[in-house]
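So the structure is just underneath, and the comments pick up after that.
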Amino acid sequence: MKKFNSREENYWRNTLLLFILIAVTVTLIVWFLPRNDSQQYRYDVNKPWMYGSYIAKFDFPIYKTDEAIKNEQDSLTAIFQPYFNYDNEVERKQINNFVDDFKAGIPGLPHEYKSIIYDRLHRLYQAGIISMPQFNQVYKDSTTLIRVVSGKEATSTQINCVYSTLSAYEALLNDEKLAPHRTILQKCNLNNYIEPNLIYDKARSVGELNDLLSGIPLASGMVMSGQRIVDRGDIVDEHTYRVLYSLEKEMKRRRDINDELSSTIVGQIIFVTILVLFFTIYLILFRRDYFDKPRSITMLYTLITLFPIVVSLMMEHNLFSVYIIPFAIAPIFTRVFMDSRTAFITHVVLILICAAAVRYQYEFIIVQLIAGLTAIYSLRELSRRAQVFKTAILVTISSAVTYFALQLMQYNYMTALDKDMYYHFIINGVLLLLAYPLMYIIETTFGFTSNVTLFELANTNKGLLRDLSEIAPGTFQHSFTVGNLASEIANKIEANSLLVRTGALYHDIGKMANPVFFTENQAGVNPHDNMSCQESARIVIGHVTDGIKMAEKENIPNIIKNFILTHHGRGMAKYFYIKYKNEHPNEEVDTEPFTYPGPNPFTREQAILMMADAVEAASRSLHEYTEESISELVNRIIDNQVSEGYFHECPITFYDIAQAKLVLIERLKAIYHTRIKYPELNKKEEKDKKKKKRRRP
């Protein structure tokens, strides 16, 4: 009853976590999807209209584009005449200051020069003086006009007819009568008496300019109700684009925007939820085992969440073309770490969700589906860096060819083809090369082990395997042989041969701690002869825990460490147990000191290793290597493992076990070169042959 309650509790807990995962995925995707508060039509200039014939249902104006309105505004702004107020008090004040400061005349010059300067200052102020920053801001060319307001009158004046404070000072010194005495006049600081008397009227200028700009008509024509706007297959030109743009703008104005946005969000929630639910149902029906691996499920839902978010952000901010995003990375990762069918389903769901955020969904879906299929087909098994490069090239070519075919179906002439898209496909292929370095991050984050990592771990020329070959050569040879046997079985029953071979190479690394205590490393002297059975069992069993410590120190993946733990399961060191029991017949023996820590195998590959390891070790003790002896040994050992329940917790079948027996028997016969037993010649027949030979002449 307790076991049933625990199982039911786990079921409801996993179901709750799955619903939370679905809810979080849908929420994040919908949160970032772009909101369109206009009708969902996708169109662009020089592109065909992908929908049916569209008839105007009401009258609406043809609005000018923002660019056209901006050009008209710039044109009006360029000819606008800003207002400047003429201030009479500035001239009076500054000339009076000049007269007061030079009552005795200009030092070094005749007295009449005072009157000349007085007259020239008066002329400058009559023309008008503007501050230098304001003058530079207004001045565009010599024909620019300004409006000079004096009293109630406003007069248009060319900007080159008035002065800035700097040009007024230069004009004073360059006067034909004053120029010969420029050096003396510069010492008088005459610029102190030059001050702007044309003051910019910001409020009036801005108000007049706004009134002028507001008079620009926003429309350039009308579309009447019932008028055909565009038909399926028509190329959208500039005029049609403005008409469609105007239609959406008018519909936006007529609608209640809040209701529209809420309906858009509801539609997005329904659409994304359907796709995520179908993806989840696929996993439940066909890949239920993934739910026992939380990191696998997390990676899948992360992929179908991350890419739509990236696409939505790019579309929202108009950053780059979405075709540069390497969507094929998702099926590549799923294929490498899981399986092809899940990779395809993941890619389809991901692309369909992303299509809700992009323009021209038809082209996008077709191109990306072909690219994903190409990636899956070309990367069935990742074992070399060159495979990623080849996949990137094939994905780029397939995307370009698919897009080219779609364009040929849409256009009747080659010059209309969009050539810029092919640059995007090239960038996509380059970014796809990031799959290889990103694979390490995926392995670290989600706890996977790729084939590339397994190949690197299986390199016997470095790391723990090299140490094993030097410290315990007999164990190394045993591990190597077990790896070959196990990989043969895995190939036969369609298990992961690379994984089981790598696990076999590492399963006995713990024997390096005490190599001479294991028979394959002994040279005539057995240290167990002088030890108690319990101590011998402790050392032999300890190679499992010692192996785990060594593997953890070298950061060996958990999937390989599990082979170290399970290759003996919860079995016993029977030699020392039976020996101890025979020596103490009247004692009730505790089996725990003679039992390996386990656990028992829980994958097919671990079960294969247990069978291959036990059979290979026992085969060394055979006195005669014949087909009968090898078959009897293999069947006896594996049948004992089955009867003792070592395989109850792993999904291996009786058929798999039977196939494993056949492979082991055939491989051991080849290893030990067994021969058929020749029949002996009957003694009577042999005597008759000898007599016949003697009778011959």
Side-chain angles (χ1 to χ4, degrees), residues 70-103 106 109 113-216:
K70 180 69 166 53
N71 291 335
E72 291 188 31
Q73 291 176 343
D74 292 342
S75 299
L76 289 177
T77 302
I79 64 174
F80 176 72
Q81 301 176 20
Y83 287 84
F84 288 84
N85 295 320
Y86 185 86
D87 190 348
N88 293 314
E89 288 298 318
V90 174
E91 178 184 355
R92 185 186 62 80
K93 178 182 176 182
Q94 294 301 328
I95 290 180
N96 287 339
N97 289 339
F98 171 74
V99 172
D100 292 340
D101 292 340
F102 295 97
K103 291 180 179 179
I106 305 298
L109 294 176
Y113 275 89
K114 177 180 177 182
S115 300
I116 295 173
I117 294 173
Y118 181 96
D119 178 67
R120 301 302 186 266
L121 287 173
H122 173 69
R123 292 182 185 182
L124 292 173
Y125 279 114
Q126 287 299 308
I129 302 174
I130 301 176
S131 67
M132 192 65 194
Q134 195 66 52
F135 185 88
N136 291 336
Q137 183 177 354
V138 174
Y139 187 87
K140 298 179 178 64
D141 56 53
S142 59
T143 62
T144 301
L145 297 175
I146 62 172
R147 302 280 285 181
V148 178
V149 179
S150 179
K152 295 183 179 180
E153 294 183 1
T155 306
S156 296
T157 304
Q158 289 187 359
I159 190 67
N160 63 341
C161 294
V162 299
Y163 298 94
S164 68
T165 52
L166 178 60
S167 63
Y169 180 66
E170 289 295 328
L172 183 64
L173 295 181
N174 292 332
D175 184 82
E176 60 181 5
K177 291 185 177 181
L178 299 178
H181 308 287
R182 184 183 183 96
T183 304
I184 297 175
L185 293 175
Q186 285 178 335
K187 297 178 181 180
C188 297
N189 295 325
L190 295 179
N191 58 307
N192 292 335
Y193 308 105
I194 298 176
E195 188 175 317
N197 67 335
L198 294 180
I199 310 303
Y200 176 63
D201 190 342
K202 182 177 180 180
R204 186 171 182 178
S205 297
V206 172
E208 291 286 344
L209 180 60
N210 289 338
D211 290 342
L212 185 63
L213 296 179
S214 63
I216 298 175

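Just so it is clear, the structure is predicted and the values come from calculations on it, not from any experiment.
Residues passing the side chain to side chain contact (heavy atoms under 4.5 Å, CB included) test with Arg204, sequence neighbours excluded: Tyr83, Val149, Asp201, Glu208. Shown here are the salt bridge (charged side-chain N to carboxylate O under 4.0 Å, His left out) partners of Asp211, two or more places apart in sequence or in another chain: there are none. Partners of Phe84 under the ring pair (Phe, Tyr, Trp, His ring centres under 6.0 Å) rule, at least two apart in sequence or in another chain, are Tyr200. Remark: Ile216 pairs with Lys64, Glu72, Gln73, Leu76, Leu213 by the side chain to side chain contact (heavy atoms under 4.5 Å, CB included) rule, at least two apart or across chains. For Lys103, the side chain to side chain contact (heavy atoms under 4.5 Å, CB included) criterion is met by Asp100, not counting sequence neighbours. The salt bridge (charged side-chain N to carboxylate O under 4.0 Å, His left out) search around Lys177 returns none, not counting sequence neighbours. For the salt bridge (charged side-chain N to carboxylate O under 4.0 Å, His left out) test, no residue two or more places apart in sequence or in another chain qualifies with Arg147. With sequence neighbours left out, the side chain to side chain contact (heavy atoms under 4.5 Å, CB included) criterion links Thr183 to no other residue. Checked against salt bridge (charged side-chain N to carboxylate O under 4.0 Å, His left out), Asp101 has no partners two or more places apart in sequence or in another chain.
Heavy atoms of other residues, nucleotides or ligands lying less than 6.0 angstrom from OH of Tyr163 number 12 at most.
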Under 3.5 Å, which donor-acceptor pairs do the side chains of residues 166-174 form with other protein atoms, sequence neighbours left out?
| residue | atom | partner | partner atom | Å |
| --- | --- | --- | --- | --- |
| Ser167 | OG | Ser164 | N | 2.7 |
| Ser167 | OG | Ser164 | O | 3.1 |
| Ser167 | OG | Ser164 | OG | 3.1 |
| Glu170 | OE1 | Arg182 | NH2 | 3.3 |
| Asn174 | OD1 | Arg182 | NH1 | 2.8 |
| Asn174 | ND2 | Glu170 | O | 3.0 |

Under 3.5 Å, sequence neighbours excluded: what are the donor-acceptor pairs made by side chains of residues 92-99?
| residue | atom | partner | partner atom | Å |
| --- | --- | --- | --- | --- |
| Arg92 | NE | Glu89 | OE1 | 3.0 |
| Arg92 | NH2 | Glu89 | OE1 | 2.5 |
| Gln94 | NE2 | Glu195 | OE1 | 2.9 |
| Asn96 | ND2 | Arg92 | O | 3.1 |
| Asn97 | ND2 | Lys93 | O | 3.3 |

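Atoms NZ and SG, on Lys114 and Cys188 in that order, are 12.0 Å from each other to the nearest 0.5 Å. Within the model, atoms CG of Leu198 and OG of Ser131 stand 9.5 Å from one another, a figure rounded to the nearest 0.5 Å. We find the CG-NZ distance between Leu190 and Lys187 to be 13.0 Å, quoted to the nearest 0.5 Å.
Looking only at side-chain heavy atoms (C-beta outward), Thr157 and Val162 come within less than 4.5 Å of each other. Val90 is not listed as a side-chain neighbour of Ile129, based on a closest heavy-atom distance of 4.5 Å or more. Looking only at side-chain heavy atoms (C-beta outward), Glu153 and Ser150 stay at 4.5 Å or farther from each other. Between Ile130 and Val138, every side-chain heavy-atom pair lies at or beyond the 4.5 Å cut-off. Contact of the Phe102 side chain with the Tyr118 side chain is not registered, since no non-hydrogen atoms from C-beta on lie closer than 4.5 Å. Inter-residue side-chain proximity for Ile159 and Leu145 is flagged as unmet; no heavy-atom pair is nearer than 4.5 Å. The shortest side-chain heavy-atom distance between Asn191 and Thr165 does not fall under the 4.5 Å cut-off. Counting heavy atoms from C-beta outward, Pro82 and Ile146 have side chains that approach closer than 4.5 Å.
Listed here is the closest heavy atom pair of Ala127 and Cys161: CB-O, 3.8 Å. Closest heavy-atom contact between Asn189 and Tyr193: O-CE1, 3.8 Å.
Residue pairs meeting the salt bridge (Lys or Arg N to Asp or Glu O under 4.0 Å) criterion with at least one partner in residues 115-126, sequence neighbours excluded, are Asp119-Arg123, Arg120-Asp175.
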Q: Assess whether side chain to side chain contact (heavy atoms under 4.5 Å, CB included) is satisfied between Thr144 and Tyr139, documenting all intermediate values.
A: CA-CA 7 Å; Thr144 301; Tyr139 187 87; 5.8 Å; no

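In this structure, the side chain of Asp87 does not engage the main chain of Asn197 through any donor-acceptor pair within 3.5 Å.
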